[in-house]
Amino acid sequence: MMPNVLKPSKVFDNVLDSLAWCLTNRKFIFSKIVSKKHYFFSSSFLSFSTSPLSKLSAIQMLDNVTKCIAFLQSCADHKNLNKGKQFHSLMITYGFSLSPPSITSLINMYSKCGQMGEAILVFYDPCHERNVFAYNAIISGFVANGLASKGFQFYEKMRLEGVMPDKYTFPCVVRTCCEVKEVKKIHGCSLKMGLELDVFVGSALVNTYLKNGSMEDAQKVFGELPMRDVVLWNAMINGYAKIGCLDEALEVFRRMHVEGIAPGRFTITGILSIFASRGDLDNGKTVHGIVVKMGYDSGVAVSNALIDMYGKCKHIGDALIIFEMINEKDIFSWNSIISVHEQCGDHHGTLRLFDKMLGSGILPDLVTITTVLPACSHLAALMRGREIHGYMIINGFGKDDENGAIDDLHVSNAVMDMYAKCGSMNNALKIFDSMSNKDVASWNIMIMGYGMHGYALEALDMFSRMCEAEFKPDEVTLVGVLSACNHAGFVSQGRLFFAQMESTFGVIPTIEHYTCVIDMLGRAGHLEDAYEVAQKMPIQANPVVWRALLGACRLHGNAELAEVAARQVLQLEPEHCGSYVLMSNVYGVIGRYEEVLEVRKTMKEQNVKKTPGCSWIELKDGMHVFRTGDRTHSELNALTNQLCDIGFLLDEVLNLY
DNA sequence: GTAGGGTTAG
């Protein structure tokens, strides 16, 4: 029988696409068509799925409800809305749209294609009664399309209409719960109906209990289930992993292994995410070995999880190899490899890959945007950032009102941060003011941004507005406030904030706060005070603190204290060039040139190389980078001439005074 | 005819 179907008719010979489709869906063809002996149907079905609809093929297709259902299932599986819609209208024309199974399949097809509006229209069609199948299909559609509360509404409606839920209903309804007590209510209903021991209901319960933080309830359900399949084990493992109970997750994995259940692809991705968040390369590699052995390396989701694991373990090269090997890269693949670059600090790489992604025809989503924007922030690449913001506006990213204001908090924060870090505080403020919801991070971004660009008054004003709005400042807020005071030279105010940190704001100072204060005091010339803070602080001073003090000593020409600080830095971080440079500059400022040479000599002996200073500017044609002593820029002469002109101009202006 | 578990960002 089978060879006939695989090599049957003209359809396969003439339409290559049909053949490809047939091969990838062999299982479907065998189970749904061969077993039902619809040989004739198989060929007309394939021609229908690839060519425009003809009246003849429609009549051939529509002589049987089973065929209609099979076709709609296929449209649902392939998310082929056009064919599904065409077929729906044919079903209406030829009177095949009213049988209950057809209704269920139509709702299912529209749900799977993300068209809940159409699904509801079918559901509410007055010509038929709404049975449990139709309810299950519409509830599952809402849940799958991220409209959980709507799904729950339909469950309530179902109960009101007296339609009894069944074992298909509960797994979907459970997923709409956002609190343990809601889960318990549904769990109770399933108990009453004697469905609590169903493994589908059980795994949904385990998943939702864990998601809402009730490990006891999840364990109880898991323990009582008479039959445990791989999906249930995965629900336990991934549920624990998601809430950060990594040890528990691994323990369940171990038990699964002991009980002889083989891990599936879903198990593997979950386990990989655990080793990724731990940065555990050894175990991650072991899992990679298992992946290859089991032949799971052909699956895109497993590859994506491997990319993430290698990336989080800082093995960017291995992540790239896996990425390149994926034949059909999906949005997860791109987002993963982009985030790997961003996490490793390769911001140029992040933007390069983003361009490549756009070129490959995959459209970015909110995750892509929130990964790429920080790269623009780090590089102060305002134009790229604006482009991305523009792209978001045009494509309606994260917005949900007619004014186009972004409604996703994290995304608005990311856009705002990009503008703030790139120095465009006006635009950052526009976003900030347009936000209907703000969190501490939103305020922090504005405070930091103002402080960073020297607008200390605006930063402090933001801070007081934040307190008035009853947001509780956190560590980041106070770093922002202190650094604003630092850059503006508001020493007494800075001291006051620092003194009040614990008592008024409930924030225990970290090394960053101490560094800020020491830097602030030092810059203002209060060198002894700065040194005192560094000595008395309860945390051990790090090289950053000592370098701040060293910098202050250079500024104010205090060689004695500079030597103390330098000794500390050199002890903690002998290979860092900055301290040597600072020290030699200190000697330079106070005219002790022999010591300058001495420090330079030590640097040479210790083989310490100075990292060249680097600055860059982004223009229409791309990024222009300049390093100290670098003469490679293509328009160097023009630039030098321009600089000379500016120099002359300045001299003339100065001469006027 | 309709169900449960996964990978990316902050």
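The sequence lines fix the lettering, A, B, ..., with proteins before strands; numbering per chain opens at 1.
Heavy-atom distances under 4.0 Å link DNA chain B to A:N131 of residues 123-131 of chain A, given in residue order.
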Side-chain donor/acceptor pairs under 3.5 Å, residues 187-197 of chain A, sequence neighbours excluded:
{"unit_1": "A:H187", "atom_1": "ND1", "unit_2": "A:Y209", "atom_2": "OH", "d": "2.9"}
{"unit_1": "A:S190", "atom_1": "OG", "unit_2": "A:H187", "atom_2": "O", "d": "2.7"}

Please tabulate, for the side chains in residues 238-247 of chain A, all donor-acceptor contacts under 3.5 angstrom to protein atoms that are two or more places apart in sequence or on a different chain.
{"unit_1": "A:N238", "atom_1": "ND2", "unit_2": "A:N234", "atom_2": "O", "d": "3.2"}
{"unit_1": "A:Y240", "atom_1": "OH", "unit_2": "A:Q219", "atom_2": "NE2", "d": "2.6"}
{"unit_1": "A:D247", "atom_1": "OD1", "unit_2": "A:R278", "atom_2": "NH2", "d": "2.4"}

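Residue A:N207 places its side chain closer to B:dG6 than to any other of B:dG10, B:dG1, B:dG6. Of the candidate nucleotides B:dG1, B:dA9, B:dG5, B:dG1 has the atom nearest to the side chain of A:S105.
Screening residues 109-130 of chain A for ring-ring contact (aromatic ring centres under 6.0 Å, His included) gives A:H88-A:Y110, A:F123-A:Y135, A:F123-A:F154 as the qualifying pairs, with residues at least two apart or on separate chains.
In this model, the phosphate group of B:dG5 is approached by a side-chain N or O of A:R175 to a distance below 4.0 Å at OP1 or OP2. Close to B:dT2, at under 4.0 Å from its OP1 or OP2, lies no side-chain N or O of A:T104. For the OP1/OP2 pair of B:dA3 and a distance below 4.0 Å, the side-chain nitrogens and oxygens of A:S140 include at least one atom meeting the criterion. The side chain of A:N108 contributes an N or O atom lying less than 4.0 Å from OP1 or OP2 of B:dA3. Here A:K242 reaches the OP1 or OP2 of B:dT7: one of its side-chain N or O atoms lies under 4.0 Å away. The phosphate of B:dT8 has neither OP1 nor OP2 within less than 4.0 Å of any side-chain N or O from A:Q343.
A:D439 is linked by a side-chain hydrogen bond (donor to acceptor under 3.5 Å, both in side chains) to A:N413, A:S442, counting only residues two or more places apart in sequence or in another chain. A search for salt bridge (Lys or Arg N to Asp or Glu O under 4.0 Å) contacts involving A:D198 returns nothing, not counting sequence neighbours.
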